[in-house]
Protein chains: 2
Amino acid sequence: MASGVDSFYFLSLGFSLLQVVKCDCMKMVRQKIQIKKIDNLTARQVTFSKRRRGVFKKAQELSTLCDAEIALIVFSATGKLFHYSSSSMMQLIERHRGLSENSDKLGQPSLQLLKENNSYAMLSKMLVDKTRELRQLMGEELQGLDMDELIKLEKMVDGGLNHVVEAKNDKCLKEISLLKKKESKLMEENAKLKKQAEKSEGTGNGIEQSNSSDCTSNSRGSDTSLRLGLPFAN
Amino acid sequence: MASGVDSFYFLSLGFSLLQVVKCDCMKMVRQKIQIKKIDNLTARQVTFSKRRRGVFKKAQELSTLCDAEIALIVFSATGKLFHYSSSSMMQLIERHRGLSENSDKLGQPSLQLLKENNSYAMLSKMLVDKTRELRQLMGEELQGLDMDELIKLEKMVDGGLNHVVEAKNDKCLKEISLLKKKESKLMEENAKLKKQAEKSEGTGNGIEQSNSSDCTSNSRGSDTSLRLGLPFAN
DNA sequence: CTCTCTATGTATAATTC
DNA sequence: TGAATTATACATAGAGA
């Protein structure tokens, strides 16, 4: 209540000031347009270009924000094609066909088409089911479940989590031990080479060559080892 | 120039007034949202339904204003279909097919069938993918994943688990409070009946009957309440 | 056709019922 | 669910380059 009154006063004040300003120096007063074909060709083209971009943007946003699949096809008055689809246009179109009313009307005896549509619809349904299952595992769309089902679901997800963590830890340990092995092997090799280099120090020119060639041939291995090793803080 | 300055003052004044008003009685401050999947399921559904309507409206307006032909297909995350087309969906789709890719025309008589089979195969593939995803969430078929993927998977499953547990706890608490309410109501009733029974004690045979019948009819409710209440140690 | 700029119309996020 | 409300963010008409 109070807020309504307050903002009303504010708006009144705003508008009256605006009016004053307007009388002094404003020329453009944007009209509220009505939705019917724009007469002026140029204006129509400009509007088409602007609004087309707007619609495509909105479609993309909807697809991203809400995890929806969208296909959008636009033909300009001159026949130019613009289109967008969040995934595969063809797939979306076919899915649309499969789900919306019978695509081939008038008793078309296309048995094969019928069959395909049928099994297509079935496949589609399976996909929907799987998707819902997936979403429930991710903790969404849970409102229809009762306590027993929720507990069962929790156990499933918990079990899954355990498996994943286990697999992760295994992989982690394996990678670590593998890298440690590589490390010690390389250190060994390194030490050997250093010794060799010390021996040949007397000749005076063997150092550079052997060092550089060794480095290049081994650098990939040791680099990888170090890079991968760091995150585990060992 | 002058207009710019004027309107700037106006805006300043407006905003400062607005701030004052805000401090007094405004609560809602709309945030600028970023375009990425909305986490909260309810919010996502609400946004989907709002923005979907918005996109469809924009599409219609574009079609009317600029004499364009438009087809729009939207699948919600749950697989529900929404669509619009300014003329015939089929016709637009066919036109799109004809123009978008002239890959294999000329003498291919089963072009349509081919494409349908194609998308059928694609749907099949999607199903396979979803199934694998499902199995991975359950902690199976993990051997192909590297550390990064495993960590990502763990986070996903963990998040899912949290959601499920949360939903379960909510449901549980709700059931408990409902049952407690029932319990107290029944106890009240019970006490009343007991009093009544005491009054009629003079008759000599009313007590037993009323007590026993109350207990049996209420035992299920209170038992459930106790059993469900225990895990939360309250 | 594209881009910019500004003032405005419109869509919509957040919230309540 | 769906329907309001409100304040804000965003889209876009109109004009010019």
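Here the structure is a predicted model, which means the values were calculated and not measured. What you see below is based on every heavy atom in this structure, not just the backbone, and it leaves out hydrogens, waters and symmetry mates.
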Of all pairs that satisfy side chain to side chain donor-acceptor pair (under 3.5 Å), the ones with a partner from residues 126-143 of chain B, not counting sequence neighbours: Lys125(B)-Asp129(B), Arg135(B)-Glu140(B), Arg135(B)-Glu141(B)
Sequence-distant partners of Ala59(A), side-chain contact (heavy atoms from CB on, under 4.5 Å), two or more places apart: Ile70(A), Leu72(A), Tyr84(A)
Five-pair end axes of the helix from dT2(C)-dA17(D) to dC17(C)-dG2(D) and the angle they enclose, rounded to 10°: 50°
With sequence neighbours excluded, residues passing side-chain hydrogen bond (donor to acceptor under 3.5 Å, both in side chains) with Arg52(A): none
Sub-4.0 Å heavy-atom contacts from residues 34-43 of chain A onto DNA chain C, ordered by number: none
Partners meeting side-chain hydrogen bond (donor to acceptor under 3.5 Å, both in side chains) with Arg53(A) (sequence neighbours left out): Ser49(A)
Lys171(B) atom NZ, neighbour heavy-atom count above 12 within 6.0 Å: yes
side-chain hydrogen bond (donor to acceptor under 3.5 Å, both in side chains) partners for Arg51(A), two or more places apart: Glu61(B)
Nucleic acid contacts of residues 63-79 of chain B, taken as heavy-atom distances under 4.0 Å to DNA chain C: none
Atom pair distance, as rounded to whole Å: CZ in Arg30(B) and P in dT16(C): 17 Å
Which donor-acceptor pairs under 3.5 Å do the side chains of residues 147-156 of chain A make with protein atoms, sequence neighbours left out?
| from | atom 1 | to | atom 2 | distance (Å) |
| --- | --- | --- | --- | --- |
| Glu149(A) | OE1 | Asp146(A) | N | 3.0 |
| Glu154(A) | OE1 | Lys168(B) | NZ | 2.6 |
| Glu154(A) | OE2 | Lys168(B) | NZ | 3.4 |

Nearest-0.5 Å distance, CD of residue Glu188(B) to NZ of residue Lys192(B): 6.0 Å
ring-ring contact (aromatic ring centres under 6.0 Å, His included) contacts in which one or both residues fall within residues 36-76 of chain B, not counting sequence neighbours: Phe48(B)-Phe82(B)
side-chain hydrogen bond (donor to acceptor under 3.5 Å, both in side chains) against Ser184(B), all qualifying residues, sequence neighbours excluded: none
Strand contacts (DNA chain C) in residues 45-60 of chain A, 4.0 angstrom heavy-atom criterion: Gln45(A), Ser49(A), Arg53(A), Lys58(A)
Trace of the side chain to side chain contact (heavy atoms under 4.5 Å, CB included) decision for Lys37(B) with Arg44(B): CA-CA 8 Å; Lys37(B) 181 173 170 182; Arg44(B) 198 191 315 145; 3.5 Å; yes
Between NE2 on residue His83(A) and CD1 on residue Ile93(B), distance to nearest 0.5 Å: 13.5 Å
Interatomic distance where CZ belongs to Arg44(B) and C1' belongs to dT12(C) [whole Å]: 18 Å
CG on Asp158(B) to NE2 on His163(B), rounded to 0.5 Å: 10.5 Å
Spacing between Lys32(A) atom NZ and dG9(C) atom P, to the nearest angstrom: 9 Å
